[in-house]
Amino acid sequence: MNKKEDEFMKILVTGGAGFIGSHTCVELLNSEYDVVVVDNLSNSSEVSLDRVKEITGKDLKFYKADLLDCDTLDKIFLKEHIETVIHFAGLKSVNESVDKPLEYYNNNITGTINLCACMKKYGVKNIIFSSSATVYGEPAVLPITEQCPKGTPTNPYGMTKWMIEEILKDIQLSDNSWNVIILRYFNPIGAHESGLIGEDPKGIPNNLLPYITQVAIGKRDYLNIYGNDYDTPDGTCIRDYIHVVDLARGHVMAINKLKENCGFKIYNLGTGKGYSVMEVLHTFEKVCGRKLPYKIAGRRKGDVMASYADASLAKKELGWEAIYDLEKMCQDAWNWQKKNPSGYQ
Ligand code: NAD
Ligand code: UD1
């Protein structure tokens, strides 16, 4: 896209220093958008934004600020002439949310309400929100379409996604000049192929891919596989893993949809293909060139047996589809881990 006056748009990216946010900043800058990041760095490092600049050769504006700090947020909106918001900022650890529900509800829900109140005050009415397949709970149908009824998330983190979707729906209902796109991510993994940005979990990773890469680099002794007695071909759970760069591109396509004054929309972002834990492990082993130790552990509480998307609506309405396969996701995750054994530190 050429940067023309009439197409000019300044995008506020909340949580832009994080895993998905940083990859999305790359895609936005590559598409000639102006990017303003607000992040409190509670789960990220400003180094990721330096790397974004290195990858793209372009600049962005960064505010170290908390969505719970209304005064600072107000000043940012006053200063920057924001036209669209991509809202990634939130706490995302399922286990931690069970221990700290108040912190999760406050950060994720109050943070979103503060953001939307500011948007309303400054007449900014375009928002893309990071939701999750977790809102489907135990899915009623497979593959999961957007028509599939929302289920009951098994933890406060999932509930915040569930509730924020409803809040945004009500805001758009109250004023139909708002455009709201909810993106329900399946399982984002991988990293930018430069190996400069990637996922940098603090402490022991909860999620499968970061755990596998840490076993491969020697930080963890073995992978625990949470259950091999599910009713699936090899007994392990099935998920729809999606390359984070594909996911990031989905946000750029969603901005184009906002420009059509789309109202309220929900899209699944997944590949449509499900892989078992074993298949992911074996694909990663192929990429890193050796067998990795694992143990079969008991089932993890709250896990669903299988979850994969019907992503045809995003293809039809956004013109988006995932292009990278599981091997590429593993290659890029491994490249990032090898180049950054201690993450951004
Ligand atoms: P992340 O933790 O890497 O990024 C979130 C960012 O938000 C971090 O940089 C953090 O510092 C920031 N943040 C948190 N609370 C904030 C606040 N109050 N004010 C300002 N900044 C704040 O996580 P991610 O994996 O990039 O996820 C991005 C979004 O996508 C999150 O909302 C997450 O819940 C959602 N999501 C992620 C996944 C996944 O598997 N990674 C799946 C589904 C949905
Ligand atoms: C989890 C969250 C989901 C959240 C998403 C963010 C739960 C129940 N769900 O999804 O709400 O939106 O992360 O990315 O936590 N596995 C292992 N060993 C491990 C880690 C995972 O076997 O060390 C298995 C899990 O049992 C699961 C699969 O790998 O079958 C994927 O797990 P994970 O990466 O944590 O993602 P989800 O559980 O799908």
Side-chain angles (χ1 to χ4, degrees), residues 6-18 20-21 24-25 28 33-40 42 60-92 102-132 135 150 157 159-185 250-267 318:
D6 58 342
E7 282 179 324
F8 168 83
M9 281 183 85
K10 193 183 265 189
I11 317 287
L12 173 66
V13 184
T14 76
I20 306 171
T24 302
C25 287
L28 289 171
Y33 286 100
D34 274 0
V35 173
V36 177
V37 169
V38 168
D39 198 304
N40 64 4
S42 59
L60 56 75
K61 201 145 187 189
F62 172 56
Y63 292 92
K64 182 174 185 294
D66 197 312
L67 294 186
L68 298 179
D69 175 357
C70 295
D71 290 345
T72 304
L73 204 55
D74 192 284
K75 286 190 186 110
I76 295 167
F77 270 83
L78 183 66
K79 180 145 188 261
E80 306 292 342
H81 295 275
I82 306 294
E83 301 196 55
T84 294
V85 175
I86 305 183
H87 179 31
F88 293 107
L91 296 172
K92 66 160 184 177
L102 275 176
E103 201 176 311
Y104 270 68
Y105 285 118
N106 189 38
N107 189 77
N108 293 5
I109 296 184
T110 311
T112 302
I113 291 173
N114 292 346
L115 175 69
C116 291
C118 225
M119 290 175 67
K120 186 175 173 192
K121 179 172 172 190
Y122 288 94
V124 182
K125 296 182 175 181
N126 296 316
I127 185 167
I128 296 169
F129 172 62
S130 301
S131 190
S132 165
V135 301
K150 280 165 79 170
Y157 161 74
M159 283 309 299
T160 68
K161 295 292 170 197
W162 199 102
M163 289 182 199
I164 293 167
E165 287 195 356
E166 299 301 312
I167 292 168
L168 292 173
K169 186 160 72 182
D170 286 340
I171 292 173
Q172 202 280 334
L173 256 180
S174 74
D175 175 355
N176 65 12
S177 63
W178 278 68
N179 297 303
V180 173
I181 296 184
I182 307 287
L183 297 178
R184 292 179 178 156
Y185 311 155
H251 294 73
V252 178
M253 306 303 274
I255 296 175
N256 295 335
K257 190 73 188 170
L258 289 174
K259 288 178 187 170
E260 296 172 11
N261 289 321
C262 62
F264 182 81
K265 293 279 183 183
I266 299 176
Y267 299 104
L318 303 180

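Just so you know, these numbers use all the heavy atoms, side chains as well, and skip hydrogens, waters and symmetry mates.
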Heavy atoms only: give me the nearest [X]-[Y] pair and the separation to one decimal.
{"X": "Lys10", "Y": "His81", "value": "CB-O, 3.6 Å"}
{"X": "Ala89", "Y": "Gly15", "value": "CB-N, 3.6 Å"}
{"X": "Leu183", "Y": "Ala254", "value": "CD1-CB, 4.4 Å"}
{"X": "Asn108", "Y": "Gly90", "value": "OD1-CA, 3.4 Å"}

Pairing residues for [X] by the side-chain contact (heavy atoms from CB on, under 4.5 Å) criterion, not counting sequence neighbours:
{"X": "Met159", "result": "Tyr105, Pro153, Met163"}
{"X": "Ile113", "result": "Ile109, Ile167"}
{"X": "Lys75", "result": "none"}
{"X": "Leu68", "result": "Asp66, Asn106, Asn107, Thr110, Asn114"}

Could you list the residues that satisfy ring-ring contact (aromatic ring centres under 6.0 Å, His included) with [X], not counting sequence neighbours?
{"X": "Phe62", "result": "none"}
{"X": "His87", "result": "Phe129"}
{"X": "Tyr157", "result": "none"}

Side-chain contact test, heavy atoms from C-beta onward, threshold under 4.5 Å: evaluate it for [X] versus [Y] and give yes or no.
{"X": "Phe77", "Y": "Val124", "answer": "yes"}
{"X": "Tyr33", "Y": "Ile255", "answer": "yes"}
{"X": "Val37", "Y": "Cys25", "answer": "yes"}
{"X": "Thr72", "Y": "Tyr63", "answer": "no"}
{"X": "Leu173", "Y": "Phe264", "answer": "no"}
{"X": "Thr24", "Y": "Val13", "answer": "no"}
{"X": "Leu115", "Y": "Leu12", "answer": "yes"}

I need the [X] [atom1] to [Y] [atom2] distance, nearest 0.5 Å.
{"X": "Asn179", "Y": "Glu260", "atom1": "CG", "atom2": "CD", "answer": "10.0 Å"}
{"X": "Leu258", "Y": "Trp178", "atom1": "CG", "atom2": "CH2", "answer": "11.5 Å"}
{"X": "Cys262", "Y": "Asn256", "atom1": "SG", "atom2": "CG", "answer": "11.0 Å"}
{"X": "His251", "Y": "Ile86", "atom1": "NE2", "atom2": "CD1", "answer": "6.0 Å"}
{"X": "Leu91", "Y": "Ser42", "atom1": "CG", "atom2": "OG", "answer": "5.5 Å"}
{"X": "Thr84", "Y": "Asp34", "atom1": "OG1", "atom2": "CG", "answer": "12.0 Å"}

Polar side-chain atom of [X] near backbone of [Y] as donor-acceptor pair, under 3.5 Å:
{"X": "Ser132", "Y": "Arg184", "result": "no"}
{"X": "Ser131", "Y": "Ile182", "result": "no"}
{"X": "Asp39", "Y": "Lys64", "result": "no"}

**OP:** Could I get the full list of salt bridge (charged side-chain N to carboxylate O under 4.0 Å, His left out) partners for Glu166, not counting sequence neighbours?
**Re:** Lys150, Lys169

Subject >> CA sep, side-chain torsions, deciding dist, call: Leu67, Leu73, side chain to side chain contact (heavy atoms under 4.5 Å, CB included) >> reply: CA-CA 7 Å; Leu67 294 186; Leu73 204 55; 3.8 Å; yes

Subject >> salt bridge (charged side-chain N to carboxylate O under 4.0 Å, His left out) partners of residues 102-126, not counting sequence neighbours, each pair once >> reply: Asp74-Lys121, Lys125-Asp175

Original post:
With Lys79, which residues qualify under side-chain hydrogen bond (donor to acceptor under 3.5 Å, both in side chains), at least two apart?
Top reply: none

